[in-house]
Amino acid sequence: MRTALAESGALGATVRQIARRLGAAVASVDSDLRGLASRGEVVRMGRGLWVLQDFDRLELREDFTEPAVYAERFALEDGIPLGTYRGPITFRSNEGLPFHRWWPYVQGYSAEFVSNLLRSEGLRRGSTVLDPFAGSGTSLIEAQRIGARAIGYELMAPAALAARVKTDIDLAPGDLERAAAVLLRTAQHAPMAALPFLRETRRQFSPEALAQLRRIRSVLPAADARGVTDALRLAFAATLVPVSRLRRSPCLGYDPVDRERPLPFVQYAGVIRTMVEDLRARARSSESWGPPAEVRSGDSRSIDLPAQSVDLAITSPPYVNGLDYVMNYKLDLAWLGYVNSYSELSALRIAELACDNLPRTATRDYLGTNRTPDPWLEEILPRIRENVARKGTYRRNDMHGVVHRYFRDLADVLRGVYRALRPGGRFVLVVGDSLLAGTYVPGDLLTARIGRSLGFRIESVDVARARHSGQRRQFLLRESIVTLTRPNGREPQGKRRWKQTLR
Ligand SMILES: C[S@@+](CC[C@H](N)C(=O)[O-])C[C@H]1O[C@@H](n2cnc3c(N)ncnc32)[C@H](O)[C@@H]1O
């Protein structure tokens with residue numbers, strides 16, 4: 001039993017895997033493991049994975065480099081000690097805010113964080129702000145609110161749609177109200193549209209919810225980038241998850257609680273009411289909003305903006321193996337007709353910043369562990385590879401290739417932003433670190449270092465909050481704000497102080 005568990009190392013093994021390896025009955029392995037657990041010799045992690053106690057306390061192992069060691073190395077090699085940011089950072093605080101609340105999106109950062117930053121950077125009417133991973137538009141809305149020109153790149157069409165509609169300054173509340181009323185009236189007697197291609201559709205919704213969604217879908221206008229049309233489509237996207245048996249937490253999955261759900265006609269009408277309310281309030285407000293955001297539904301690994309045209313870039317990229325956005329937004333992608341087959345979903349995944357659902361063919365060129373974007377990766381990638389190999393059966397044996405590719409993808413984005421920024425302009429990223437296959441990956445520090453290798457000056461890395469690792473709840477990860485500057489040769493030296501600039 002011990003040998004079988006030691007082979008699985010930090011990744012652990014399920015009762016079935018151990019039983020198979022030992023040629024023993026599952027029930028007897030299960031009871032032996034519980035016996036060992038009661039003596040504290042083995043530990044059960046997350047979703048039923050057992051590890052030897054030795055692999056549970058990763059920090060005590062010689063083959064594990066812990067976060068504090070990287071922080072020390074960063075201070076020594078890069079001259080920047082980790083700082084602290086105190087202020088709201090997660091999207092949760094946006095859920096009740098006008099415009100931000102129009103689409104249930106949980107992966108963003110807080111609007112307050114963005115508006116504080118815009119203020120402290122002295123941005124004003126006529127400035128240009130870029131968000132290369134615009135999501136549902138948090139940065140773009142806040143930039144537009146101060147009259148700036150807001151530009152975003154976003155790969156997921158439903159998120160790009162949300163960002164576009166939220167910043168559509170010409171969208172008239174009365175027009176939207178009337179068009180939605182007609183749509184809902186027509187939908188009551190409309191034929192049922194075909195189901196989207198997703199195999200699980202019938203499981204995801206009650207029969208009644210499904211029937212109503214299909215009726216709305218049959219009268220929903222096709223995408224044509226006109227204000228009201230897009231707003232009607234966004235309201236449909238915002239209806240999907242609340243009426244389904246799913247939830248985003250943050251990954252899309254079945255809700256373990258069988259709660260009562262609103263039906264689509266009612267939910268859709270509610271979403272429209274919220275939108276109309278926010279539009280009316282904006283029309284009454286004295287703020288002078290900037291032009292509609294320019295949202296490019298595309299891949300930010302190839303930013304094609306004019307050189308030195310951007311005053312500030314601000315973003316939160318996907319974290320190293322954090323989340324598969326394609327999977328998370330597949331309902332919206334499918335029901336709105338942006339994606340019509342599993343092969344189209346796969347194609348989108350190849351353009352996404354690498355995550356562990358990436359098709360295997362897409363890591364083929366990244367299996368080497370040298371010529372990486374940062375020397376630290378030359379230590380980290382082989383460890384991931386060894387840990388996966390030790391386990392024998394793991395979801396994928398090219399995990400180190402996924403991580404390698406992630407940082408190459410990120411380097412492409414950093415390069416594009418560098419070119420687009422004016423000298424002296426800043427690129428502020430909210431980034432997390434990760435624990436992958438029993439290996440710690442300091443995503444925030446690596447982002448800063450790769451930025452420096454491309455010409456940026458690292459100003460600061462400030463920890464904004466702690467997060468629990470999905471692999472091991474007790475292992476604390478963090479979310480940091482990385483501030484990079486495109487030098488203009490005139491910067492004052494020294495660390496940037498959030499507390500002075502943002503409080
Ligand atoms: C953390 S979210 C950004 C959230 C955003 N800051 C907000 O508050 O709404 C990261 C986003 O990057 C997008 N993304 C992933 N790969 C991309 C790529 N290659 N080009 C553009 N966007 C991409 C994802 O679809 C996701 O919406």
Side-chain angles (χ1 to χ4, degrees), residues 88-95 97 99-115 117 129-144 150-167 237 248 250-252 293 295-305 313-330 332-333 338-339 345 347-355 357-358 362 402 405-417 427-432 443-444 447 464 467 479 481:
I89 194 82
T90 67
F91 193 82
R92 228 157 261 302
S93 54
N94 296 358
E95 282 168 3
L97 293 181
F99 302 101
H100 296 285
R101 61 181 172 167
W102 284 11
W103 186 51
Y105 185 85
V106 286
Q107 283 79 39
Y109 43 39
S110 87
E112 194 179 342
F113 165 70
V114 178
S115 66
L117 178 69
V129 176
L130 163 68
D131 185 341
F133 299 101
S136 61
T138 310
S139 329
L140 306 185
I141 297 170
E142 294 309 309
Q144 188 194 25
I151 305 174
Y153 284 76
E154 172 53 52
L155 194 62
M156 281 333 123
L161 172 76
R164 207 173 286 128
V165 176
K166 288 170 176 184
T167 60
R248 289 197 179 107
C251 294
L252 188 68
V295 188
R296 296 159 198 231
S297 312
D299 185 349
S300 56
R301 292 174 303 173
S302 38
I303 290 176
D304 50 1
L305 295 174
I314 169 168
T315 204
S316 169
Y319 298 170
V320 197
N321 203 28
L323 203 83
D324 175 7
Y325 289 89
V326 174
M327 165 19 217
N328 231 14
Y329 294 105
K330 66 182 179 191
D332 317 63
L333 286 163
Y338 290 120
V339 165
L345 272 189
L348 202 51
R349 222 167 243 138
I350 291 176
E352 184 182 25
L353 232 66
C355 71
N357 279 340
L358 192 66
V402 173
R405 194 184 131 154
Y406 170 90
F407 284 105
R408 291 254 204 111
D409 285 350
L410 191 64
D412 288 342
V413 178
L414 285 159
R415 205 174 284 115
V417 172
F427 186 12
V428 178
L429 303 99
V430 177
V431 202
D444 47 1
T447 302
R467 306 141 51 220
E479 194 161 68
I481 303 167

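Atoms within each ligand, like the ligands themselves, are counted from 1 in listed order. Computed from a predicted model, the values in this text were never measured in an experiment.
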### Message
Between R296 and D304, is the side chain to side chain contact (heavy atoms under 4.5 Å, CB included) condition met? List the steps.
### Response
CA-CA 10 Å; R296 296 159 198 231; D304 50 1; 3.6 Å; yes
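Ring geometry for Y325 against Y329 counts as parallel: the plane angle stays under 30°, on a 0 to 90° scale with 60° as the upper cut.
At under 3.5 Å, a nitrogen or oxygen of E154, whether backbone or side chain, sits near a nitrogen or oxygen of ligand 1. Any N or O atom pair closer than 3.5 Å counts here, and E352 shares no such pair with ligand 1. Polar contact check, S139 against ligand 1: no nitrogen or oxygen pair lies under 3.5 Å apart. Not one N or O of P318 is nearer than 3.5 Å to an N or O of ligand 1, by distance alone.
In this structure, G298 counts as a contact residue of ligand 1, since one of its heavy atoms falls inside 4.0 Å of the ligand. By the 4.0 Å heavy-atom criterion, A351 is counted among the residues contacting ligand 1.
Under the 3.5 Å distance criterion, the side-chain polar atoms of Y406 are matched with a main-chain donor or acceptor of P318.
Residue Y109 touches ligand 1 through backbone and side chain together, judged by heavy-atom distances below 4.0 Å. Within the 4.0 Å heavy-atom criterion, the part of A134 lying near ligand 1 is the backbone and not the side chain.
Each of V402, D324, V326, L323 was evaluated against N357; a single residue qualifies, D324, per the side-chain contact (heavy atoms from CB on, under 4.5 Å) test.
Ranked by closest heavy atom to atom 18 (C) of ligand 1, the top entry among I350, D299, I303 is D299.
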